[in-house]
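Worksheet: one structure, shown below.
By convention here, the first residue in the shown sequence is residue 1.
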Amino acid sequence: MGRLDEFAFSFNLTQIISKPTRVTETSKSTIDLILVNNTHKIVQCDVLDSSISDHNVIFCVVKGGVKKLPPKVFEYRSFKSYEKKAFIKDLEQVPWSIIEGVGDIDDTVFLWEKLFRDCADHHAPIKSRRVKGMPTPWVSVRLLELRGDRDFRRRKALSSNSQYHWRMYRKLRNFASREEKSLKSQYYCKLIEDAKNDSSSMWKAIKQTLPSNHMDTNAIFSNGKLHTSFIDIAEHLNQHFSKHWKISRQGVPQYIVCTFEKCY
């Protein structure tokens, strides 16, 4: 094994030029090389004839960028202007009696659903929302390359079950994870640092660093009574935080916060 072979083997490099790059009347040799460690990203490689030199031109085409996923569109009912009493009142005005004159069960179900849907659409209309995904301004070209190499090594490990590929996959996975955390930290630190003289921009920057999942409070249970009115909820929480600014285990009243899904 020559020195070049040892060098390529030690760094896991592959030579992708297979045609002669220097042609004379007595010999043909491949002395112009392209060594890569990510052959899965090479779309094309070839040798072009050149009259400028006795060495031909070599080139390769590398995949660039990441394919963007199409946006997702989902439908939902908007309860922004919904009023329960008005909805019930309109339901009572629906001519449900016309359903009794329909003989076929499928037509009956269809008519009932149409009557109910028309009333529901008036009070809680169906709207659509387009979701592009969370913006990731901290992502760099190097991080995308690390993710691509990580995914490639994982596919190789799954197909070959090679200890080498599993070891390389774990190494790249941890390296990509550390790189992403570092980039996020640098981005948000700079964002907060740039907004230090503007309170509005400062809070916007801090808000981006906080978890995005939240749950609306629809009811609280205080002093043996369930409160569902937003005004009552606000008054009880205001009383609680104004009276108990020094929190202790003995002095905090027991609250149960309820949502449509669960209580805790």
Side-chain angles (χ1 to χ4, degrees), residues 65-139 144 147 151 154-155 158 180 184 188 200 203-244 252-264:
V66 178
K67 183 179 179 181
K68 294 183 178 179
L69 297 176
K72 295 181 180 180
V73 179
F74 66 92
E75 294 183 342
Y76 66 98
R77 285 196 178 272
S78 174
F79 288 85
K80 183 178 181 181
S81 303
Y82 172 77
E83 293 183 7
K84 183 178 179 181
K85 292 182 179 180
F87 178 56
I88 295 175
K89 183 178 180 180
D90 286 351
L91 282 177
E92 294 174 349
Q93 302 300 322
V94 175
W96 301 107
S97 58
I98 63 176
I99 300 176
E100 299 176 358
V102 182
D104 186 73
I105 183 64
D106 294 331
D107 294 340
T108 302
V109 173
F110 173 79
L111 183 57
W112 185 93
E113 288 182 347
K114 186 178 186 308
L115 292 173
F116 181 83
R117 190 184 303 113
D118 291 343
C119 185
D121 290 344
H122 176 70
H123 292 271
I126 295 177
K127 295 186 178 181
S128 60
R129 177 174 295 179
R130 187 176 180 180
V131 180
K132 295 183 179 179
M134 292 295 294
T136 53
W138 61 81
V139 175
L144 294 177
R147 288 176 176 176
D151 296 342
R154 186 175 186 276
R155 291 193 298 268
L158 291 172
E180 183 172 2
K184 281 185 179 180
Y188 285 120
S200 178
W203 281 113
K204 287 181 181 179
I206 295 175
K207 187 177 179 180
Q208 292 184 40
T209 65
L210 301 176
S212 59
N213 55 340
H214 65 279
M215 186 175 292
D216 295 332
T217 302
N218 302 312
I220 63 171
F221 192 83
S222 174
N223 300 325
K225 186 178 179 181
L226 182 66
H227 303 275
T228 58
S229 170
F230 291 129
I231 296 177
D232 292 342
I233 293 174
E235 288 180 352
H236 279 77
L237 291 177
N238 183 46
Q239 293 175 6
H240 165 68
F241 287 110
S242 61
K243 291 181 179 179
H244 300 276
V252 178
Q254 296 297 319
Y255 284 90
I256 300 178
V257 179
C258 302
T259 67
F260 287 124
E261 292 82 8
K262 62 182 180 180
C263 296
Y264 60 93

Side chain to side chain donor-acceptor pair (under 3.5 Å) partners of Arg147, counting only residues at least two apart: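 Arg147: side chain to side chain donor-acceptor pair (under 3.5 Å) contacts with Glu180.
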Closest non-hydrogen atom pair, Asp107 against Asp104: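 Minimum heavy-atom separation between Asp107 and Asp104: N-OD2, 3.1 Å.
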With sequence neighbours excluded, tell me which residues meet ring pair (Phe, Tyr, Trp, His ring centres under 6.0 Å) with Phe116.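 So Phe116 forms a ring pair (Phe, Tyr, Trp, His ring centres under 6.0 Å) with Trp112.
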Side-chain polar contacts of residues 79-97 - donor-acceptor pairs under 3.5 angstrom, sequence neighbours left out - could you list them?
{"from": "Asp90", "atom 1": "OD2", "to": "His123", "atom 2": "NE2", "distance (Å)": "2.5"}
{"from": "Trp96", "atom 1": "NE1", "to": "Leu91", "atom 2": "O", "distance (Å)": "2.9"}

Approximate separation, where rounding is to 0.5 Å, of Leu115 CG and Ile99 CD1: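 Rounded to the nearest 0.5 Å, the CG-CD1 separation comes out at 5.5 Å.
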Does some side-chain heavy atom of Thr108 sit less than 4.5 Å from a side-chain heavy atom of Glu100?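 The answer is no, as the side chains (C-beta and beyond) never meet within the 4.5 Å cut-off.
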